[in-house]
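Computed from a predicted model, the values in this text were never measured in an experiment. Counting from 1, the numbers follow the sequence of the chain as shown.
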Amino acid sequence: MHKLLPNIFAFLDEYDSQILKNNNINIGIIYRNYNAKNREKELIKIASACKKCRKQLFVSNDIRLAVKVKAEGIYIPSFNKKTYANLEKRNMKILGSAHSQKEIHEKISQNCSAIFLSPIFYMEKTKKFLGLHKFNYLSHNNNANILALGGISKYNIHKLKLLNIKGYGGIRMFKKKPAFKRPVFIKNNFF
């Protein structure tokens, strides 16, 4: 039996007990630390915690590690152009990220179950963002499950209700405050 994709995703680069202790099982965890020396050890710790609290785990860019920790699937960043064959036979889901129409088509051809479209809101790192109108235009024109990512904070999270999305993900929003004060955990029934 296939599990449905969660509506909320937390991107982690290290173990965070506050996120993993939350009772909301509709949160997916994406582990995306490419440079850590103890990457495998950290991922095993996260995978163990995800299994205990029934959260779906996705590993970024590494099928071998995803299979080893029995993750739900993999996450393919926008810079990865490889196609992954036979993942459906292993019952692994594929998530991807995109920043433009061209990248959305690449992720669709890579058989992604859902695509993170980013950045939706202003971020200091890139200075470029899609905004609500362009984001909705791209999500309406593609036959894919689109998730919002990039620049989401407690000040603009309410704007996500204006979008044609299946969920959203966050990186910074999960790192700043204790888990019980984060906007994601206050609004469990967002969708």
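- Here SG of Cys50 is found 12.0 Å from OH of Tyr31. Values are rounded to the nearest 0.5 Å.
- Residues Glu103 and Ile115 have side chains not in contact (no heavy-atom distance under 4.5 Å, counting atoms from C-beta outward).
- Taking the six-membered ring for Trp, Phe11 and Tyr75 have ring centres closer than 6.0 Å.
- Tyr122 and Leu132 fall into different hydrophobic clusters, where Ile, Leu, Val, Met, Phe, Trp and Tyr residues are linked whenever their side-chain heavy atoms come under 4.5 Å apart, directly or through other members.
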(request) Would you sort out whether Lys159 and Ile120 count as a side chain to side chain contact (heavy atoms under 4.5 Å, CB included), showing the intermediate values? (result) CA-CA 10 Å; Lys159 293 180 182 179; Ile120 183 167; over 6 Å; no

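- For the atom pair Met92 CE and Phe58 CZ, the distance stands at 9.0 Å (nearest 0.5 Å).
- Here Met123 is tied to no hydrophobic group at all, with no ILVMFWY side chain closer than 4.5 Å.
- Note that CD1 of Ile8 and CD1 of Ile29 are 10.5 Å apart. Values are rounded to the nearest 0.5 Å.
- Here the shortest heavy-atom pairing between Ile165 and Leu160 reads CD1-O, 3.9 Å.
- The backbone N or O of Tyr15 sits less than 3.5 Å from a side-chain atom of Glu42, completing a donor-acceptor pair.
- The heavy-atom pair separating Asn156 from Gly151 by the smallest distance is ND2-O, 3.0 Å.
- Within the model, atoms OG of Ser60 and CG of Leu43 stand 10.5 Å from one another, a figure rounded to the nearest 0.5 Å.
- For NZ of Lys81, the number of neighbouring non-hydrogen atoms (other residues, nucleotides, ligands) closer than 6.0 Å is greater than 12.
- Cys112 is listed as a side-chain neighbour of Ile94, based on a closest heavy-atom distance under 4.5 Å.
- In this structure, Gln101 contributes its side chain and Asn142 its backbone to no donor-acceptor pair below 3.5 Å.
- Both Ile108 and Leu130 are part of a single hydrophobic cluster, where members link through side-chain heavy atoms under 4.5 Å apart.
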(request) Determine, stepwise, if the pair Ile146 / Asn164 fulfils side chain to side chain contact (heavy atoms under 4.5 Å, CB included). (result) CA-CA 8 Å; Ile146 301 291; Asn164 180 35; over 6 Å; no

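- The shortest distance between side-chain heavy atoms of Leu57 and Glu72 does not fall below 4.5 Å.
- Cluster annotation: Leu162 is not connected to Phe129 through the hydrophobic network of ILVMFWY side chains, with a link wherever side-chain heavy atoms come within less than 4.5 Å.
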(request) Go through the steps for Ile46 and Val69 under the test side chain to side chain contact (heavy atoms under 4.5 Å, CB included), then give the verdict. (result) CA-CA 9 Å; Ile46 292 171; Val69 298; over 6 Å; no

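- In terms of heavy atoms, Leu149 sits closest to Gly169 at CD1-O, 3.3 Å.
- In plain terms, the two heavy atoms of Asn26 and Leu5 that are nearest each other are OD1-O, 4.3 Å.
- Judged by distance alone, with hydrogens and angles left aside, the side-chain atoms of Asn33 form no donor-acceptor pair with the main-chain N or O of Glu14 at under 3.5 Å.
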(message) Working note: Leu65 + Arg39, criterion side chain to side chain contact (heavy atoms under 4.5 Å, CB included); need CA distance, chi angles, decisive distance, verdict.
(response) CA-CA 10 Å; Leu65 274 178; Arg39 183 174 188 227; 3.8 Å; yes

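- Taking both residues in full, the closest heavy atoms of His99 and Ser78 are given as NE2-OG, 3.1 Å, listed atom of the first, atom of the second, then distance.
- For the atom pair NZ of Lys70 and OG of Ser48, the computed distance is 12.0 Å after rounding to the nearest 0.5 Å.
- Judged purely by atom type and a 3.5 angstrom limit, Lys107 uses its side chain to pair as donor or acceptor with the backbone of Pro77.
- For NZ of Lys51, the number of neighbouring non-hydrogen atoms (other residues, nucleotides, ligands) closer than 6.0 Å is greater than 12.
- If you take CZ on Phe9 and CG on Leu147, they are separated by 5.5 Å, rounding to the nearest 0.5 Å.
- Nearest heavy atom pair, residue Leu163 against residue Asn136, reads CA-OD1, 3.3 Å.
- Cluster membership check: Ile44 shares its hydrophobic cluster with Leu12, using side-chain heavy-atom separations under 4.5 Å among Ile, Leu, Val, Met, Phe, Trp and Tyr.
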